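What you are looking at is a predicted structure, and each value in this text was computed from that prediction instead of being measured.
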Amino acid sequence: MTWRRPFSTDLPAANRVDSTFPNAWKEVIPNTEPPMTPSAFMKPRPATPSSIPSKLSVNFVLPYSSELSGKEVDMVIIPATTGQMGVLPGHVATIAELKPGVLSVHEGNDVTKYFVSGGFAFVHANSFADIVAVEAVPLDQIDPNLVQKGLTEFTQKLSTASTDEEKAEAQIGVDVHSALNAALTG
């Protein structure tokens with residue numbers, strides 16, 4: 001004969017009807033949903049087409065305005081830090097940092113040129129390009145005399161700069177004005 005001692009699981013549980021804690025917990029339970037990211041608020045991009053489109057859709061934006069919004073163009077030439085980058089329809093997806101230089105938008109025989117001081121270009125595989133610049137000016141609105149004057153001033157500031165901060169600011173001024181000068185003369 002084996003004597004068996006009952007386990008606590010063999011005993012019936014006491015039936016408690018008090019639901020104050022579960023109800024109070026439901027009122028203050030923290031949100032366990034994941035946070036919304038910026039992509040949750042964006043419209044999805046169109047799917048990558050099976051054939052290469054004939055046009056490139058370009059969005060060119062500045063912090064204070066939108067220069068081009070969904071404009072269909074033939075080609076864009078971007079002043080990337082790695083060199084001039086031509087973007088045609090069907091270009092491989094790329095992210096490029098912009099350096100001071102000329103951004104050319106080619107639409108048929110028309111070419112619109114902007115001087116950009118810097119920013120980023122996002123080329124998507126579905127023949128969309130988003131160009132975000134800090135500052136941009138149409139090339140025909142730039143005064144060559146003021147560019148020469150600015151280049152002279154920043155070159156002088158660079159030679160007389162005593163702190164690293166002054167040297168960096170002067171070097172940026174020289175780089176931008178040199179790029180402006182090259183854009184106007186070339």
Side-chain angles (χ1 to χ4, degrees), residues 33-144 146-148 150-151 154 158 165 167-186:
E33 295 295 318
M36 299 288 281
T37 60
S39 61
F41 300 101
M42 296 171 52
K43 289 189 287 186
R45 288 275 184 195
T48 303
S50 58
S51 63
I52 296 175
S54 61
K55 296 285 186 178
L56 175 72
S57 294
V58 177
N59 297 314
F60 177 34
V61 295
L62 306 170
Y64 49 84
S65 72
S66 177
E67 292 294 319
L68 303 173
S69 181
K71 183 154 184 158
E72 302 265 322
V73 300
D74 295 320
M75 178 175 67
V76 176
I77 299 176
I78 297 169
T81 54
T82 56
Q84 294 292 95
M85 183 171 83
V87 179
L88 295 165
H91 195 283
V92 66
T94 306
I95 298 175
E97 182 181 1
L98 303 180
K99 68 176 183 177
V102 177
L103 171 79
S104 302
V105 180
H106 298 259
E107 185 178 10
N109 292 332
D110 298 332
V111 179
T112 307
K113 294 184 177 186
Y114 298 89
F115 182 81
V116 295
S117 62
F120 288 92
F122 304 92
V123 180
H124 307 279
N126 55 3
S127 292
F128 275 82
D130 296 319
I131 302 166
V132 183
V134 176
E135 195 79 36
V137 178
L139 207 55
D140 57 359
Q141 294 182 8
I142 299 173
D143 183 2
L146 290 176
V147 172
Q148 287 297 328
L151 183 58
F154 279 108
L158 183 61
E165 184 178 346
K167 288 177 185 175
E169 287 176 3
Q171 186 62 54
I172 291 169
V174 168
D175 291 347
V176 170
H177 283 81
S178 296
L180 270 165
N181 193 35
L184 293 172
T185 58

Please tabulate, for the side chains in residues 93-108, all donor-acceptor contacts under 3.5 angstrom to protein atoms that are two or more places apart in sequence or on a different chain.
from   : atom 1 : to    : atom 2 : distance (Å)
Thr94  : OG1    : Val92 : O      : 3.0
Glu107 : OE1    : Lys71 : NZ     : 3.1

Could you tell me if Tyr64 and Glu135 have a donor-acceptor pair between their side chains, going purely by distance under 3.5 Å?
yes
Determine, stepwise, if the pair Val73 / Phe60 fulfils side chain to side chain contact (heavy atoms under 4.5 Å, CB included).
CA-CA 12 Å; Val73 300; Phe60 177 34; over 6 Å; no
Once rounded to the nearest 0.5 Å, what's the spacing between atom CD1 of Ile131 and atom CG of Leu62?
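Reported value, rounded in 0.5 Å steps: 10.5 Å.
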To the nearest 0.5 Å, how far apart are CG in Leu184 and CD in Gln148?
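If we round to the nearest 0.5 Å, Leu184:CG and Gln148:CD are 9.0 Å apart.
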Can you tell me which residue among Val174, Asn181, Asp175 is in a side-chain contact (heavy atoms from CB on, under 4.5 Å) with Ser178?
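The single option meeting the side-chain contact (heavy atoms from CB on, under 4.5 Å) with Ser178 is Val174.
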Let me know which of Val137, Val134, Leu180, Ile172 forms a side-chain contact (heavy atoms from CB on, under 4.5 Å) with Ser117.
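By the side-chain contact (heavy atoms from CB on, under 4.5 Å) criterion, Ser117 pairs with just one of Val137, Val134, Leu180, Ile172: Val134.
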Give the minimum heavy-atom separation between [X] and [Y], together with the two atoms involved.
X	Y	value
Asp74	Leu88	O-CD2, 3.6 Å
Ile78	Ala121	CD1-CB, 3.7 Å
Gly90	Ser127	N-OG, 2.8 Å
Pro89	Leu56	CG-N, 3.7 Å

Any idea how His177 and Phe154 line up, ring-wise: parallel (<30°), tilted (30 to 60°), or perpendicular (>60°)?
tilted
Sequence-distant partners of Phe115, ring pair (Phe, Tyr, Trp, His ring centres under 6.0 Å), two or more places apart:
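Here no residue qualifies.
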Is a donor on one side and an acceptor on the other found under 3.5 Å between the side chain of Asn59 and the backbone of Gly70?
yes
Audit row: Ser57, Lys55, side chain to side chain contact (heavy atoms under 4.5 Å, CB included) steps and yes/no
CA-CA 7 Å; Ser57 294; Lys55 296 285 186 178; over 6 Å; no
